[in-house]
Novice: 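The following block contains the structure, expressed as structure tokens.
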Amino acid sequence: MEIERNTYLQQLILRKDNGMIKVITGIRRCGKSFLLFNIFKKYLMENGINEDHIIEIALDGIENEELRNPKTCHQYIKAAVKDKERYYLLLDEIQFMPRFEEVLNSLLRMEHVDIYVTGSNSRFLSSDIVTEFRGRGDEVRVYPLSFAEFYSVYDGEYEDAWNDYMTYGGLPQVAGFQTERQKAEYLKNIFTNVYLKDVVERNSIQSIDGISTLVDILASDIGALTNPTKISNTFASERRTSYTNKTISRHIDYLEEAFLISKSNRYDIKGRKYIGANLKYYFTDVGLRNARLNFRQQEPTHIMENIVYNELLTRGYNVDTGIIDVYGKDKEGKRIRKQLEVDFVVNQGSQRYYVQVAYDMTSKEKQSQEFHSLRNIPDSFKKIVIVGGMTKPWRNEEGFVIMGMRYFLLNSDSLEF
């Protein structure tokens with residue numbers, strides 16, 4: 001089963017021959033190696049690049065063990081470049097090579113070599129890795145399969161695909177499994193023995209039980225406002241253990257650097273500024289989140305919100321959580337302030353959208369709740385409510401766009417309706 005990942009292929013094509021190191025980052029097992037060695041290589045060959053001008057090195061293979069030595073690898077690559085024509089260097093699992101930054105910076109001096117690298121541990125996937133290349137790194141962020149990619153190879157109806165995706169997520173390997181047991185065991189195993197182990201070893205974390213519990217708390221509270229102090233209080237009151245807010249903040253950073261989770265900052269829409277306290281966290285793959293909780297907390301509203309957040313990131317948007325201050329009077333006539341929330345403030349260049357996510361909007365009470373925040377936004381940018389199901393997009397009398405998840409996920413320009 002080959003899944004086309006045209007979004008990422010186009011990003012590599014746009015960066016081709018730009019004189020920079022293309023750094024392909026993303027959570028482990030999301031398909032970076034396949035993108036490079038299969039999809040991109042196929043594109044190069046179909047566009048006139050001879051195979052002998054494509055240098056492939058998978059450093060995790062035993063056949064390339066000697067090339068993990070930086071000097072040996074550097075000499076091997078230089079020897080493979082036999083003329084002045086353009087060469088394409090594809091380096092996979094670069095973290096297996098010590099001092100790889102020095103090797104890559106040296107190769108940059110070879111003007112006719114175009115360099116692409118991937119890696120799969122927390123050291124390489126650190127969000128600031130491109131700084132290692134002295135401003136010459138160009139990052140391409142790869143995510144697990146979007147629902148559209150997942151659905152393109154799914155053997156079944158939309159509803160079955162959607163339920164499967166909500167439960168087991170979009171890691172490419174999972175999409176190829178036939179049974180629920182296979183999917184569940186794979187996800188639980190790689191979370192503990194790959195992702196979490198990687199974070200612990202990379203950052204020399206001593207409190208393994210602490211960070212394991214922290215992951216469980218974040219998984220339980222996706223889409224909920226929280227902060228390290230609040231989590232620390234939870235440890236003290238419910239777990240009877242001491243886990244300082246500074247340590248929690250540092251450990252959350254480690255999880256972000258490994259791309260296991262992402263944070264959504266709070267943005268004051270009226271005040272046009274960011275608010276530091278309280279953030280929302282979402283998992284890069286909902287299947288991993290569900291597996292971590294042993295598939296017990298299957299709240300469709302929160303999982304749907306997580307999927308919408310990931311989809312917006314995949315499309316290249318910057319995504320924040322919106323806050324709006326509104327004022328009214330209590331029963332005694334005193335002026336009171338209330339904060340309303342907009343699930344996502346979505347930006348890309350000069351474009352902005354306000355997005356609410358609601359699993360069910362059949363009741364008038366629920367409609368009033370979702371629309372109230374949008375009504376109080378003091379600008380004319382598009383306001384969208386994404387609901388569960390297959391509702392076709394339509395505008396209500398206030399100009400708000402209501403669309404079903406199916407339309408949103410399967411149409412890459414759905415926000416433009």
Side-chain angles (χ1 to χ4, degrees), residues 1-13 15-16 21-46 49 51 54-68 73 76-77 80 87-97 100-101 103-104 107 113-127 129-130 132-133 137-146 149-150 152-153 169-177 186-187 189-191 193-195 197-198 202 257-260 284-285 287-288 314:
M1 178 181 67
E2 181 170 330
I3 303 171
E4 293 184 2
R5 311 209 69 182
N6 289 328
T7 297
Y8 304 112
L9 174 60
Q10 291 305 314
Q11 290 186 46
L12 291 178
I13 293 171
R15 290 164 169 80
K16 181 172 166 285
I21 300 170
K22 272 62 73 174
V23 185
I24 303 172
T25 65
I27 192 172
R28 296 187 70 171
R29 312 291 175 88
C30 71
K32 300 184 300 295
S33 301
F34 188 83
L35 171 66
L36 190 60
F37 282 162
N38 295 75
I39 297 175
F40 186 60
K41 180 185 176 182
K42 179 181 177 182
Y43 165 82
L44 291 175
M45 295 180 66
E46 288 177 346
I49 305 301
E51 190 168 9
I54 302 173
I55 306 169
E56 301 176 70
I57 304 175
L59 290 170
D60 60 335
I62 190 65
E63 70 278 7
N64 291 322
E65 184 177 12
E66 291 183 359
L67 297 181
R68 297 174 192 170
C73 187
Y76 173 85
I77 294 168
Y87 280 78
Y88 293 88
L89 173 62
L90 315 182
L91 272 171
D92 194 33
E93 304 291 5
I94 192 70
Q95 77 280 349
F96 278 85
M97 183 196 300
F100 67 84
E101 299 96 330
V103 174
L104 295 176
L107 292 171
V113 177
D114 198 23
I115 305 170
Y116 302 76
V117 300
T118 79
S120 291
N121 70 4
S122 298
R123 169 65 185 89
F124 185 85
L125 297 180
S126 173
S127 57
I129 187 62
V130 291
E132 297 285 354
F133 303 128
D138 195 354
E139 183 179 14
V140 174
R141 174 75 185 276
V142 177
Y143 294 86
L145 301 177
S146 67
E149 291 172 325
F150 175 84
S152 70
V153 295
L171 291 180
Q173 185 69 47
V174 175
F177 289 138
Y186 174 80
L187 288 168
N189 178 61
I190 64 169
F191 198 109
N193 297 318
V194 177
Y195 298 115
K197 182 179 178 182
D198 212 25
R202 187 273 197 230
E257 288 175 358
F259 299 129
L260 269 174
T284 300
D285 181 76
L288 288 171
T314 299

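Here the structure is a predicted model, which means the values were calculated and not measured. All values below were derived from every heavy atom in this structure, side-chain atoms included, with hydrogens, water molecules and symmetry-related copies excluded.
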Novice: Does any part of the side chain of Ile190, heavy atoms only, come nearer than 4.5 Å to the side chain of Leu288, both counted from C-beta?
Specialist: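 Yes; the side chains approach each other to less than 4.5 Å.
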Novice: Looking at OG1 of Thr118 and CG of Leu90, how far apart are the two atoms once the value is rounded to the nearest 0.5 Å?
Specialist: 9.5 Å
Novice: When you look at Leu35 and Leu12, which way does the side chain to side chain contact (heavy atoms under 4.5 Å, CB included) test go after all the steps?
Specialist: CA-CA 10 Å; Leu35 171 66; Leu12 291 178; 4.0 Å; yes
Novice: Evaluate the criterion side chain to side chain contact (heavy atoms under 4.5 Å, CB included) for residue pair Ile77 and Ile57; output intermediate values, then yes/no.
Specialist: CA-CA 9 Å; Ile77 294 168; Ile57 304 175; 4.0 Å; yes
Novice: Let me confirm one number: the CD1-CZ distance from Ile13 to Arg15, rounded to the nearest 0.5 Å.
Specialist: 11.5 Å
Novice: Can you tell me if Tyr195 uses its side chain to pair, donor with acceptor, with the backbone of Arg28 under 3.5 Å?
Specialist: yes
Novice: If I compare all heavy atoms of Leu171 with all of Arg29, which pair ends up nearest, and what's the gap?
Specialist: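 Answer, listing the atom of Leu171 first, then Arg29: CD2-O, 3.7 Å.
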Novice: Would you find more than 12 non-hydrogen atoms of other residues, nucleotides or ligands less than 6.0 Å from Phe37 atom CZ?
Specialist: yes
Novice: Could you check whether the rings of Phe40 and Tyr43 sit parallel, tilted or perpendicular, using 30° and 60° as the cut-offs?
Specialist: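 Phe40 vs Tyr43 ring planes: parallel.
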Novice: Tell me if a side-chain donor or acceptor on Asn64 pairs with a main-chain N or O of Leu67 at a distance below 3.5 Å.
Specialist: no
Novice: If you round to the nearest 0.5 Å, how far is NZ of Lys16 from CD1 of Ile49?
Specialist: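 If we round to the nearest 0.5 Å, Ile49:CD1 and Lys16:NZ are 5.5 Å apart.
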Novice: Give the ring-plane orientation class for Tyr116 versus Tyr88, where under 30° counts as parallel, over 60° as perpendicular and anything between as tilted.
Specialist: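 Rings of Tyr116 and Tyr88: tilted, as their planes differ by 30° to 60°.
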Novice: Answer yes or no: are there more than 12 heavy-atom neighbours, outside Glu4 itself, under 6.0 Å from its atom CD?
Specialist: no
Novice: State, to 0.1 Å, how close Cys73 and Met97 come at their nearest heavy-atom pair, and which atoms those are.
Specialist: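 Looking at all heavy atoms of both residues, the shortest contact is SG-CE, 3.3 Å.
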Novice: Check the pair Asp114 / Lys22 against side chain to side chain contact (heavy atoms under 4.5 Å, CB included), numbers first and verdict last.
Specialist: CA-CA 8 Å; Asp114 198 23; Lys22 272 62 73 174; 2.5 Å; yes
Novice: So which atom in Gly287 and which in Leu187 form the shortest heavy-atom distance, rounded to 0.1 Å?
Specialist: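 Nearest heavy atoms, Gly287 then Leu187: O-CD1, 3.7 Å.
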Novice: Out of curiosity, Leu89 CG to Leu104 CG, how far, rounded to the nearest 0.5 Å?
Specialist: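 Rounded to the nearest 0.5 Å, the CG-CG separation comes out at 7.5 Å.
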Novice: Any heavy-atom pair between the side chains of Val103 and Leu91 that's under 4.5 Å?
Specialist: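 Leu91 vs Val103: side chains apart.
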Novice: What's the shortest heavy-atom distance between Glu93 and Ser33, and which atoms?
Specialist: OE2-OG, 4.4 Å
Novice: Give me the atom names and distance for the closest heavy-atom approach of Arg5 to Pro172.
Specialist: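 Minimum heavy-atom contact is NH1-CG, 4.4 Å.
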Novice: Give the minimum heavy-atom separation between Ile3 and Glu149, together with the two atoms involved.
Specialist: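 Smallest interatomic distance, heavy atoms only, reads CG2-O, 4.0 Å.
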Novice: Distance from Thr25 atom OG1 to Glu257 atom CD, nearest 0.5 Å?
Specialist: 12.5 Å
Novice: Show, in sequence, the C-alpha distance, side-chain angles and deciding distance for Glu2 and Phe34, and conclude whether the side chain to side chain contact (heavy atoms under 4.5 Å, CB included) test is met.
Specialist: CA-CA 9 Å; Glu2 181 170 330; Phe34 188 83; 3.6 Å; yes
Novice: Look only at the side chain of Tyr8 and the backbone of Lys32, and say whether a donor-acceptor pair between them is shorter than 3.5 Å.
Specialist: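 Looks like no, no N/O pair under 3.5 Å.
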Novice: Contact between Leu260 and Thr284 at the side-chain level, heavy atoms closer than 4.5 Å - yes or no?
Specialist: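 Leu260 does not reach Thr284 side chain to side chain.
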Novice: Any chance CD of Glu66 has more than 12 other-residue heavy atoms, nucleotides or ligands included, within less than 6.0 Å?
Specialist: no
Novice: Can you tell me how far apart CD (Glu51) and CD1 (Ile54) are? Round to the nearest 0.5 Å.
Specialist: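 The CD atom of Glu51 sits 6.5 Å away from the CD1 atom of Ile54.
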